[in-house]
Amino acid sequence: MENVQEIGFDCGRGYVKVYSEVDGVVHKALFKSVIGDGRDIDLSEYIKPGMEKPRYIEFEDERNFVGLLAEKESQTPIRNSKDSKITNTVKVLLASALSEVAVKSKVNLMIGVPYKNYRKSVLKEVVDTYKDKTIKVKDKITGATKEVHILNVSIFREGDAALYDAIDGKVNENKPVGMALIGFRTTELSFFEKGFIFNDKKSTTIEFGNRTMLTRVQDDLINQGIMKDVNEIDTSNDYDDLKVKAFKFGSENLDQRIEDIWINKSEMDLYVAGGTALNLEFDEEFKLVEDPQMATARGLFEVAKRKF
């Protein structure tokens with residue numbers, strides 16, 4: 001369907017990652033998974049090189065700051081802390097994503113979900129919420145209004161999508177393959193036998209992610225009499241010495257946990273993805289995918305192209 005755009009939507013607890021291609025041109029977005037009350041303010045301080053661009057939208061008669069701007073300026077910022085993909089928070093994040101990435105009026109949407117949520121009941125609620133719905137969103141910064149009709153929507157395991165991106169859609173004929181996708185709160189492990197046959201027993205969710213390591217930094221700061229929220233620490237350019245120590249500990253901890261589940265690591269092709277992976281150190285067995293924070297969104301886009 002030439003007039004329909006496929007979009008991969010990876011809405012994590014830390015960041016929203018969105019990816020699409022139209023006529024060979026990449027359309028993507030990356031921003032913090034935070035929304036909050038919006039108002040007209042001077043945004044010049046937020047338009048700087050290297051800083052997440054300001055996002056200020058009107059959706060369903062509500063004005064919202066989105067991403068870093070919401071974290072910094074909203075009176076009541078709300079973080080995407082739930083697994084559900086149909087909360088009001090996710091709906092606002094999706095509206096902002098479509099405002100930025102959708103270049104056609106009709107889209108097919110593939111949404112990433114954790115391993116434990118890849119169920120028919122979750123698919124049903126996602127389809128009931130988004131299929132054949134029109135999202136109308138106004139960019140309050142540029143003044144542009146966009147209406148996007150979601151023609152089809154489905155879900156796919158986040159780790160599998162990242163692995164699909166890592167192997168570039170090629171079937172692994174000679175070795176099992178595994179993906180460790182490190183998120184803000186959890187790590188998704190996806191395992192496929194030779195021939196790209198999914199192994200449910202060896203695929204799971206580990207409750208260990210960026211937040212685990214930042215909590216250690218938070219504890220160190222408390223011991224110094226400094227009170228900081230974990231998300232403040234994540235955004236801050238300070239405390240690098242404490243972060244380096246925490247990430248070194250986290251690397252070893254996670255590697256040991258993975259070894260407990262994949263005891264045949266040496267016989268596999270191993271990949272690691274997720275934005276947190278950039279801060280960690282792994283054995284040479286692991287291959288860090290290109291632009292690891294966007295890997296799942298890219299994989300979801302590829303799956304969407306094949307499914308719809």
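This chain uses plain numbering: 1 for the first residue, then up along the sequence.
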Practice prompt. Starting from the C-alpha separation in whole Å, work towards a yes-or-no answer on side-chain contact (heavy atoms from CB on, under 4.5 Å) for Phe192 and Asn199.
Written response: CA-CA 5 Å; Phe192 285 77; Asn199 185 311; over 6 Å; no
Worksheet item: What do the steps show when you test Glu173 against Phe196 for side-chain contact (heavy atoms from CB on, under 4.5 Å), and what is the final call?
Response: CA-CA 8 Å; Glu173 299 290 358; Phe196 210 62; over 6 Å; no
Practice prompt. Show your reasoning for whether side-chain contact (heavy atoms from CB on, under 4.5 Å) applies to Glu52 and Lys32.
Written response: CA-CA 9 Å; Glu52 181 182 303; Lys32 279 184 163 271; 3.8 Å; yes
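At least one side-chain heavy atom of Phe247 sits less than 4.5 Å from a side-chain heavy atom of Asn210. In this structure, the side chains of Thr89 and Lys91 stay at 4.5 Å or more apart for every pair of heavy atoms. Put simply, the side chain of Val217 does not reach to within 4.5 Å of the side chain of Thr215, judged on heavy atoms. Using a 4.5 Å cut-off on side-chain heavy atoms (C-beta onward), Asp83 and Lys116 make contact. You'll find the side chain of Tyr239 stays beyond 4.5 Å of the side chain of Asp220, heavy atoms only.
Between Phe65 and Tyr56, the ring-plane angle classifies as perpendicular under the 30° and 60° cut-offs. Between Tyr115 and Phe198, the two ring planes are tilted [angle within 30° to 60°].
A salt bridge does not link Asp241 with Lys245: every distance from a Lys NZ or Arg NE/NH1/NH2 to an Asp or Glu carboxylate oxygen is 4.0 Å or more. Comment: Arg55 does not engage Asp139 in a salt bridge, judged by the lack of any side-chain N to carboxylate O separation of less than 4.0 angstrom. Remark: Arg79 engages Glu71 in a salt bridge, criterion side-chain N to carboxylate O under 4.0 Å. Using a 4.0 Å cut-off between charged side-chain N and carboxylate O, Lys140 and Glu58 make a salt bridge.
Figure legend: Arg216 and Phe249 shown as a cation-pi pair, the cationic atom lying under 6.0 angstrom from the six-membered ring centre and within 45 degrees of its axis.
Around atom NZ of Lys131, more than 12 heavy atoms belonging to other residues, nucleotides or ligands sit under 6.0 Å away. Sparse packing is recorded around CD1 of Ile263, with 12 or fewer heavy atoms of other residues, nucleotides or ligands lying under 6.0 Å away.
Considering every non-hydrogen atom in both Leu69 and Pro54, the closest pair reads CD2-CB, 4.0 Å. Nearest heavy atom pair, residue Leu123 against residue Ser154, reads CD1-OG, 3.8 Å.
Looking at Thr186, Ile258, Leu254 one by one, the single match for side-chain contact (heavy atoms from CB on, under 4.5 Å) with Phe208 turns out to be Leu254.
Atom OG of residue Ser84 and atom CG of residue Asn117 lie 8.5 Å apart, to the nearest 0.5 angstrom.
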Kindly list each side-chain donor-acceptor pair under 3.5 angstrom involving residues 282-297, sequence neighbours excluded, with atom names and distances?
from, atom 1, to, atom 2, distance (Å)
Glu285, OE1, Lys265, NZ, 3.4
Thr296, OG1, Glu158, O, 3.4

